[in-house]
Amino acid sequence: MADGTMTATFLAVIGGASLLAVTARRLRPSGRLPSLEGWALADRSLGPVWTWFLLGGTIFTAYTFTAVPGLAYGNGAAAFFAVPYTVIVCPLAFVLLSRLWTVARAHGYVTVADFVRGRYGSPPLALVVALTGILATMPYLALQLLGIRAVLTAGGVYPRGAAGDLVMVALFAGLAVATYRHGLRAPTVISALKAVAVFVSLTAVTWLVLERLGGPGAVFDGAARRLGGDALALTPAQQPAYATLALGSALALMMYPHVLTAGFAADGPRTLRKVAVALPAWTGLLALFGVLGFAALAAGVRAPEGGAEAAVPMLVDRLMPGPLAGLVFGAITVGALVPAAVMSIAAATSFVRNVYVEYVHPTATPKRQVRIAKAVSLIAKAGAVAFVFGLRDQDAINLQLLGGVWILQIFPAVAVGLFTGRLHPRALLAGWGVGMAAGTYLVVREGFSSIVGFGSGPLEIYAGLAALLLNLIVAVAGTAVLERLGVPRGADLTDLPSRLRVRRRPETGANQQ
C-alpha cells in the first residue's frame with residue numbers, strides 16, 4: 001500500500017501537469033481564425049526546444065518505459081533491441097520528417113494521407129493510408145492506459161475495483177478537456193514536465209539502485225544467475241530476429257500518425273533536423289530503464305505471472321523513499337498522457353481530413369472541421385478507456401503488435417513516395433493489400449508473436465519486415481505491368497523533387513508564407 005508521501009508526490013506531479021495544460025493556450029498564440037492546422041498542429045509554430053519535448057515525449061511512451069524493462073526482466077538481452085531501434089529512428093527523422101514538412105507546408109497538408117493524395121492523385125490510396133493509421137493508433141492509445149494501470153497498481157497507488165477505474169477515468173477526463181480546448185498545444189506543454197520528471201527521477205533511481213545493489217557488476221551478475229548464464233547476450237540464432245525487429249520497428253514508428261503530427265507542428269525543416277540530432281538523449285533514458293529490469297532481477301523482485309512490466313515499479317516501491325517513488329510513478333503517468341493526447345489528435349485529424357471532408361462533407365468550413373475533430377478525439381479517448389475496461393490486457397497487446405505490422409505497410413506509399421513518384425498508385429494499393437494480409441497471417445499463425453520462423457532452419461525475423469518486402473515486390477512488379485499496359489495514373493500535384501531543389505530561401509516561421 002502506498003504511503004502518504006508517495007501519494008502526495010504523485011498527486012503533485014499530476015496536478016502540475018493539469019496546471020500546465022491550462023496554460024497551453026498561451027503557447028505561441030495566433031490571431032488566426034479556428035482551423036484544423038491551428039488545433040492539430042499548433043499553427044506549425046513550435047521551435048527546436050518545444051519540438052524536442054513533444055517529439056521525444058510522443059515517441060517514448062509510458063508503455064515503452066515499462067515494457068522494455070519488463071522484457072529485460074523476463075528475456076534478458078533481447079529487450080535491448082529497443083536501443084538500436086530508437087537510434088535508427090533519429091536519421092530517419094532527420095531525412096523523412098524534414099522532407100515531409102517542406103512538402104506539407106508548401107501545399108497545406110495536415111496529414112500524411114494528404115501528401116499521398118497529392119503525390120499520386122489517388123483518393124483510394126489516401127483513404128487506406130488514413131484508415132491504416134487510425135487502425136494502428138487505437139490499440140496503441142489503449143496501451144497508454146494499460147501502462148498507467150500496471151505502474152500504479154504495482155506501486156500501490158491505484159485503488160482496486162471501481163475506485164481505481166474512477167481514477168483512470170478522471171485522469172483521462174482531464175486530458176480530454178485540455179486537448180479538446182487547446183489541441184496539440186496541451187500535450188506540448190505537458191511534454192516539458194514529462195521530460196524533466198522522467199530524466200530527474202530516472203537518474204536518481206538508477207544511482208540509488210546501483211548503490212544499494214553493489215554497483216553495475218553486482219546487478220548484471222545477479223540478473224545472470226536468475227535468468228541463466230547466457231541470457232544477457234544474444235545467441236547467433238537470435239541475431240536475425242533482433243536486427244530485423246529493430247529495423248522494422250524504426251521504419252514503422254516513422255509512419256505512425258502521432259509521430260508525423262508532432263513533426264508537422266515544427267516551425268521548419270531545420271528545427272526538425274536539430275531535434276533529430278538531439279533525440280538520442282531519450283534513447284539513453286530508455287537504455288537505463290532496460291538496465292533497471294536487470295536490477296529488478298538482481299534484487300529478487302518477483303513480478304506476477306504474465307506481468308513482467310510491473311517489475312521496475314515493484315523495484316521502485318521496494319527500494320526508493322516515498323517522495324522519489326511518487327515522482328517516478330507520476331512521471332510515468334504523465335509520460336502516458338502526452339502520447340495519448342497526440343494519438344487522439346492524430347486519429348481525429350486523419351478522420352476529418354481524409355474521410356469526413358473527402359467523402360462526407362467536401363464543403364465543410366475550417367470551423368466545422370475543428371469541431372468534428374474535437375468530437376472525434378473525445379470518442380477516441382472514450383473508446384480507449386472502454387477497450388481497457390472491457391477486454392483483457394493481452395488483447396490490447398496483441399492488437400498493438402498487429403498495429404506495428406499494419407502501419408509498416410504504408411511505408412512504400414509515404415517514404416518511397418518522397419523520393420520517387422514512379423510507383424503506380426494501383427500497384428501500391430495491391431502491395432498494401434498483400435502486405436496487410438501476409439503480415440496479419442504471420443503474426444496470428446505464431447500465436448500473436450511478431451517474430452516468425454521461416455524454412456526448416458532456425459531463421460527468425462520480424463513479421464512486419466517480411467510483409468513489407470512482399471509489399472514492395474508487388475508494388476514494383478505491379479508498376480512495371482501497369483506501365484506496360486498503359487494504365488494511366490493520377491496527377492502528381494506536389495512537383496516534389498523540383499520544388500525541394502529550388503526552396504533555398506531562408507526558412508520562415510509558421511505565420512509567414
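By convention here, the first residue in the shown sequence is residue 1. Nothing here was measured: the structure is a model prediction, and the numbers come from that model.
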Practice prompt. Measure the acute angle between the ring planes of Tyr85 and Phe81, then classify it against the limits of 30° and 60° as parallel, tilted or perpendicular.
Written response: parallel
Worksheet item: For residues 65-74, which residue pairs qualify under salt bridge (charged side-chain N to carboxylate O under 4.0 Å, His left out), counting only residues two or more places apart or in two chains?
Response: none
Worksheet item: Quick one: does Ser45's side chain have a donor or acceptor within less than 3.5 Å of a partner on Ala42's backbone?
Response: yes
Discussion item. List the residues meeting ring-ring contact (aromatic ring centres under 6.0 Å, His included) with Phe94, not counting sequence neighbours, and say none if there are none.
Written reply: none
Discussion item. For Asp267, is there an ion pair with Arg44 - N to carboxylate O distance below 4.0 angstrom?
Written reply: no
Tell me which donor-acceptor pairs under 3.5 Å the side chains of residues 137-144 have, and how far apart each pair is, sequence neighbours excluded?
unit_1, atom_1, unit_2, atom_2, d
Thr137, OG1, Gly133, O, 2.6
Gln144, NE2, Tyr140, O, 3.0

Discussion item. I'd like to know if the side chain of Ser191 reaches the main chain of Thr188, judged simply by a donor and an acceptor atom lying under 3.5 Å from each other, with no hydrogens or angles considered.
Written reply: yes
Fill in: For Trp432, side chain to side chain donor-acceptor pair (under 3.5 Å) partners two or more places apart
Thr132
Worksheet item: Taking Glu358 for the side chain and Pro123 for the main chain, is one N or O donor matched with an acceptor at less than 3.5 Å?
Response: no
Worksheet entry | Plane angle bin for Trp282 and Phe199 - parallel if under 30°, tilted between 30 and 60°, otherwise perpendicular | perpendicular
Worksheet item: Can Tyr356 and Arg368 be counted as having a side-chain donor-acceptor contact under 3.5 angstrom?
Response: yes
Compile the donor-acceptor pairs under 3.5 Å between side chains in residues 399-411 and protein atoms, sequence neighbours left out, one pair per line.
unit_1, atom_1, unit_2, atom_2, d
Trp406, NE1, Thr440, OG1, 2.8
Gln409, OE1, Asn471, ND2, 3.2
Gln409, NE2, Val405, O, 2.9

Item to complete: Can you sort out the partners of Thr244 under side chain to side chain donor-acceptor pair (under 3.5 Å), two or more places apart, ordered by chain and number?
Response: none
Fill in: Any donor-acceptor N/O pair, Tyr73 side chain to Ala303 backbone, under 3.5 Å
yes
Practice prompt. Could you tell me whether the side chain of Thr86 and the main chain of Val83 form a donor-acceptor pair under 3.5 Å?
Written response: yes
Fill in: Atom pair OH (Tyr109) and CZ (Arg353), whose distance is rounded to the nearest 0.5 Å
9.5 Å
Worksheet item: Does a donor on one side chain sit under 3.5 Å from an acceptor on the other, for Ser344 and Ser377?
Response: no
